[in-house]
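Heads up: the structure comes next, in structure tokens.
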Amino acid sequence: MMAKMYRRDGDGDGNCEETGHSNSRMKVVVRIRPETETELRTGYPIVVKAVDDHVLVFDPQPDNTPSMGHCCVGEAKPFKKPILPSKKHKDLRLGFNRVFDATGTQMEVFEHTTKDVISDLLDGINCSVFSYGATGAGKTHTMLGDSSNPGVMFYTMLELYTKIYEHRDEKTCEVGVSYLEVCFLFV
């Protein structure tokens, strides 16, 4: 989804003009977390599978079952009669700006999501990055990481302060950051 930034032109007629930040945008990105040891050990079914860098399939058909003619990756396997989708496997394909499979690294997620925001931020544009998903989906891991595998927030701060240092002779920057984690727990 592309969005453009507008501002009032200041002459009181209510018209707006483009701000010049035509590359302002909103990205929707999905990261599929690796299976946990419990999931691997007990054989939980795969519920999300990356098709490529922009498409994932929700509730995929098992690998040995042909789908109903949706786009195929790799060589198509012919079958005699169509297999109707069952309630068990929706095989629903969804498109996103970027899809990271379970092997995607923290740095890759940062490079393709948040790194582009830093330039807009230093031009005075308010920016937000947020992570959304079910409990256990990997939001905190992606955003915070740990000491051996830092997350998006660490790489964002590193890039931000590197850029501020590079432009120290041109401008003065005041940084304000907020972090909020909303959690709904049944007690």
Side-chain angles (χ1 to χ4, degrees), residues 1-3 21 23-68 70-76 85 88-122 125-163 177-184:
M1 172 191 292
M2 296 296 289
H21 290 279
N23 63 346
S24 297
R25 65 217 163 267
M26 180 164 80
K27 290 182 182 178
V28 180
V29 176
V30 174
R31 183 179 196 187
I32 301 170
R33 69 161 172 75
E35 292 178 90
T36 65
E37 292 296 323
T38 302
E39 291 166 341
L40 290 169
R41 188 175 57 254
T42 57
Y44 280 97
I46 302 289
V47 295
V48 178
K49 185 176 175 183
V51 174
D52 61 27
D53 287 348
H54 301 285
V55 178
L56 67 77
V57 60
F58 172 73
D59 199 15
Q61 296 281 347
D63 286 336
N64 59 355
T65 306
S67 66
M68 237 190 99
H70 295 285
C71 70
C72 297
V73 174
E75 187 177 322
K88 187 173 181 180
H89 301 289
K90 294 179 179 110
D91 203 36
L92 178 64
R93 292 170 191 259
L94 304 166
F96 297 92
N97 294 98
R98 181 68 187 228
V99 174
F100 295 95
D101 65 14
T103 64
T105 66
Q106 301 282 56
M107 179 57 87
E108 288 174 320
V109 173
F110 166 72
E111 292 277 341
H112 288 91
T113 59
T114 311
K115 187 174 183 178
D116 295 346
V117 172
I118 302 297
S119 296
D120 289 342
L121 185 64
L122 292 174
I125 305 295
N126 290 327
C127 300
S128 296
V129 175
F130 70 94
S131 179
Y132 175 83
T135 300
K139 301 173 299 294
T140 302
H141 172 72
T142 297
M143 295 303 286
L144 298 179
D146 58 38
S147 60
S148 64
N149 190 15
V152 169
M153 288 174 61
F154 172 83
Y155 290 117
T156 301
M157 293 296 103
L158 191 63
E159 181 74 10
L160 175 63
Y161 285 106
T162 298
K163 294 291 185 190
V177 177
S178 63
Y179 169 73
L180 173 67
E181 186 168 352
V182 178
C183 185
F184 181 71

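Nothing here was measured: the structure is a model prediction, and the numbers come from that model.
The nearest pair of heavy atoms linking V99 to D52 is CB-O, 3.7 Å. For T103 against E108, the heavy-atom pair with the smallest separation is O-OE1, 4.1 Å. Looking at every heavy atom in both residues, G151 comes nearest to Q106 through CA-NE2, 3.5 Å. Across P150 and S148, no two heavy atoms sit closer than the pair CD-C, 3.8 Å.
Note that SG of C127 is 5.5 Å distant from CG of D120, once rounded to the nearest 0.5 Å. Atom CZ in F58 sits 13.0 Å away from atom CD1 in I46 (nearest 0.5 Å). From N149, atom CG reaches atom OG1 of T142 across 9.5 Å, with rounding to the nearest 0.5 Å. Note that CG of L158 is 10.0 Å distant from CD1 of I118, once rounded to the nearest 0.5 Å. Within the model, atoms CG of L92 and CG of D59 stand 8.5 Å from one another, a figure rounded to the nearest 0.5 Å. Note that CG of D101 is 8.5 Å distant from CG of D53, once rounded to the nearest 0.5 Å.
Within the structure, every pair that satisfies the ring pair (Phe, Tyr, Trp, His ring centres under 6.0 Å) test and touches residues 93-121, not counting sequence neighbours, is listed here: F100-H112, F110-Y155. Note on residues 141-161: pairs passing salt bridge (charged side-chain N to carboxylate O under 4.0 Å, His left out), not counting sequence neighbours, are E159-K163. The salt bridge (charged side-chain N to carboxylate O under 4.0 Å, His left out) contacts involving residues 130-143 comprise nothing, where partners must be two or more places apart or lie in separate chains.
For the pair H54 (side chain) and G95 (backbone), a donor-acceptor distance under 3.5 Å is absent. Judged by distance alone, with hydrogens and angles left aside, the side-chain atoms of D91 form no donor-acceptor pair with the main-chain N or O of P60 at under 3.5 Å.
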**OP:** Walk me through it: do R93 and V51 pass the test side-chain contact (heavy atoms from CB on, under 4.5 Å)?
**Re:** CA-CA 9 Å; R93 292 170 191 259; V51 174; 3.5 Å; yes
Original post:
Step by step, would you call R31 with H141 a side-chain contact (heavy atoms from CB on, under 4.5 Å)?
Top reply: CA-CA 11 Å; R31 183 179 196 187; H141 172 72; 4.2 Å; yes
Subject >> side-chain contact (heavy atoms from CB on, under 4.5 Å) assessment of R98 paired with V109 >> reply: CA-CA 9 Å; R98 181 68 187 228; V109 173; over 6 Å; no
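By the side-chain contact (heavy atoms from CB on, under 4.5 Å) test, E111 pairs with M107, K115, sequence neighbours left out. A search for salt bridge (Lys or Arg N to Asp or Glu O under 4.0 Å) contacts involving E35 returns nothing, not counting sequence neighbours.
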Atom pairs and distances, side-chain donor-acceptor, residues 177-184, under 3.5 Å, sequence neighbours left out:
from : atom 1 : to   : atom 2 : distance (Å)
Y179 : OH     : E181 : OE1    : 2.9
E181 : OE2    : T140 : OG1    : 3.1

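Put simply, the side chain of M153 does not reach to within 4.5 Å of the side chain of T114, judged on heavy atoms. For the pair L160 and L122, the minimum side-chain heavy-atom distance is below 4.5 Å.
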